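Keep in mind that the numbers below use all heavy atoms, side chains included, and drop hydrogens, waters and symmetry copies. In what follows, chains carry the letters A, B, and so on, assigned in the order in which the sequence lines appear, proteins first and then strands, with residues in each chain numbered from 1. Please read all numbers here as calculations on a predicted model, not as lab measurements.
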Amino acid sequence: MASPPLRADPVEITDAWIRATPPGVETAAAYVTISSSRADRLGDASSDSARDVQIHEVTNDDGIMRMRRVESVNLDANATVRLEPGGMHLMMFGIDKAFVPGDEVVITLVFDNAGEIEHVFTVRDARWNRG
Amino acid sequence: MSASPATIRIGLFALASVLALAAGAWFSGRLSVRPAAPEIGGYILDQPREIAPFEMLDGDSEPFRNADFEKAWSFLFFGYTYCPDACPLTMVVFTNMKASLAGQPGDFPVRYYLVSVDPARDLPERIGEYVEYFDSEFRGLTGPYVELDKLTAAAGVAYIPPDSAAGDDYLVDHSSSITLLDPDGKIHAIFTPPHDADAIARDFLLLHDRY
């Protein structure tokens, strides 16, 4: 496994959070905002806290809610990509325990150019947000 | 029940229902003999539609039948607990609708249901725990496909069950509409996305006053 680059990383990761999970549920959605000073591509993700992590997108086509795996997310230079509720998320399958607000969960994001970046995601209670 | 992966479980009856809905919407706009229906973010059925006799299970594994919808207004969302993004967002819409409607006068209580389109994984206890996490008064319903399909057919809801060869991590596409049942236990209106809790609450009060 490659270590994170030592020099200043061109990829900036902010607003990394996971929706707190109801009891008994085995999946979770993680959200994150990614900026990159150069073109890059998010191609994979993993976490010790989940059996599998995939990039998913939710769409609403003709009244049908579809959740689909997307293979990668392209990052244009100096652009920002947001994985946010109702759009894209990191779909965590087989989480090791319920995620309760305040928990911190490490997810490794794998970029073509920036390599592997470990980031701490904070679990938030999103039950009462009125947007 | 097995189904090919491409099978969309919207039966001919449901399809006919959707067409009838569209025709009804067109017709009521042209030949209205009753007080004009209010404009809502969705469809109002000209004639509320009965659900074929069904038996589901609630979150306490107790039988839940047609009559259990009576004497209350019921909002139904068809989803599943493995869905970590869109379904929690709709549960939050329910939470906000309930807050908007709190204290409103009414002869009947308003209830909120998540009906599972993933009965193989959503056992009663799981769906019960799931809905109660969002609100202790929300209710979950689950049951065999043959029973579920009576509700989805009446509500014009489509869902795509997993391929029988799917592993544990399958996804279920499903309609994102919110269905309103009246205190006769009949399908009364269907709200289409995007869902705005305050708008649905306002529309509901119009329907409630007209009932």
Side-chain angles (χ1 to χ4, degrees), chain A residues 17-32 45 47 49-70 82-95 98-101 105 107 121 123-131, chain B residues 8 10 18 42 77-96 99-100 114 117 121-123 125-135 138 140 156-160 167-178 190-198:
Chain A
W17 65 284
I18 296 173
R19 180 186 301 280
T21 56
V25 165
E26 297 169 23
T27 57
Y31 306 99
V32 65
S47 173
S49 299
R51 178 162 34 81
D52 193 16
V53 182
Q54 300 176 358
I55 308 165
H56 279 218
E57 183 168 33
V58 173
T59 59
N60 213 318
D61 304 324
D62 294 330
I64 303 286
M65 219 174 247
R66 299 178 194 276
M67 184 161 64
R68 282 285 173 271
R69 183 174 191 174
V70 295
R82 290 184 177 83
L83 277 63
E84 55 192 359
M88 284 190 288
H89 59 270
L90 300 171
M91 174 77 175
M92 306 179 77
F93 287 103
I95 58 177
F99 291 158
V100 301
V105 177
I107 297 177
F121 286 61
V123 177
R124 285 190 207 160
D125 191 339
R127 278 177 290 180
W128 294 284
N129 64 332
R130 300 218 53 160
Chain B
I8 298 184
I10 177 163
V18 170
F77 180 68
F78 295 80
Y80 63 119
T81 70
Y82 271 72
C83 149
D85 181 75
C87 298
L89 287 173
T90 308
M91 290 294 102
V92 173
V93 169
F94 273 2
T95 303
N96 292 334
S100 284
L114 174 65
V117 292
R121 291 185 300 190
D122 284 342
L123 302 179
E125 183 186 5
R126 163 162 288 168
I127 197 152
E129 280 185 330
Y130 185 88
V131 293
E132 285 173 22
Y133 170 78
F134 293 94
D135 188 296
F138 289 0
V157 159
Y159 67 98
I160 303 178
D168 291 336
D169 291 342
Y170 61 87
L171 308 171
V172 185
D173 293 346
H174 55 91
S175 294
S176 46
S177 53
I178 290 174
I190 294 165
F191 294 92
T192 49
H195 296 306
D196 178 277
D198 290 336

_Contact class of B:Y80 relative to chain A, heavy atoms under 4.5 angstrom_ = side chain

*Measuring heavy-atom distances to chain A, does B:T95 have an atom under 4.5 Å in its side chain, in its backbone, in both, or in neither?*
side chain

*Flag the one option from B:P194, B:P88, B:S177 with the top tally of heavy-atom pairs under 4.5 Å to chain A.*
B:P88

*asked:* Tell me which of these, B:R126, B:M91, B:E125, has more heavy-atom pairs under 4.5 Å with chain A than the rest.
replied: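 The answer is B:R126.
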
Any heavy-atom pair between the side chains of [Y] and [X] that's under 4.5 Å?
| X | Y | value |
| --- | --- | --- |
| B:Y82 | B:C87 | no |
| B:F138 | B:L114 | no |
| A:R19 | B:L89 | yes |

*Is A:R127 paired with B:D135 through a side-chain N to carboxylate O contact shorter than 4.0 Å?*
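Result for this pair is no, no salt bridge flagged.
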
*What residue, out of A:M92, A:R51, A:H56, has the most heavy-atom pairs lying under 4.5 Å from chain B?*
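Winner by heavy-atom pair count: A:R51.
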
*Does the gap between the ring centers of B:F94 and B:H195 come in under 6.0 Å?*
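No.
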
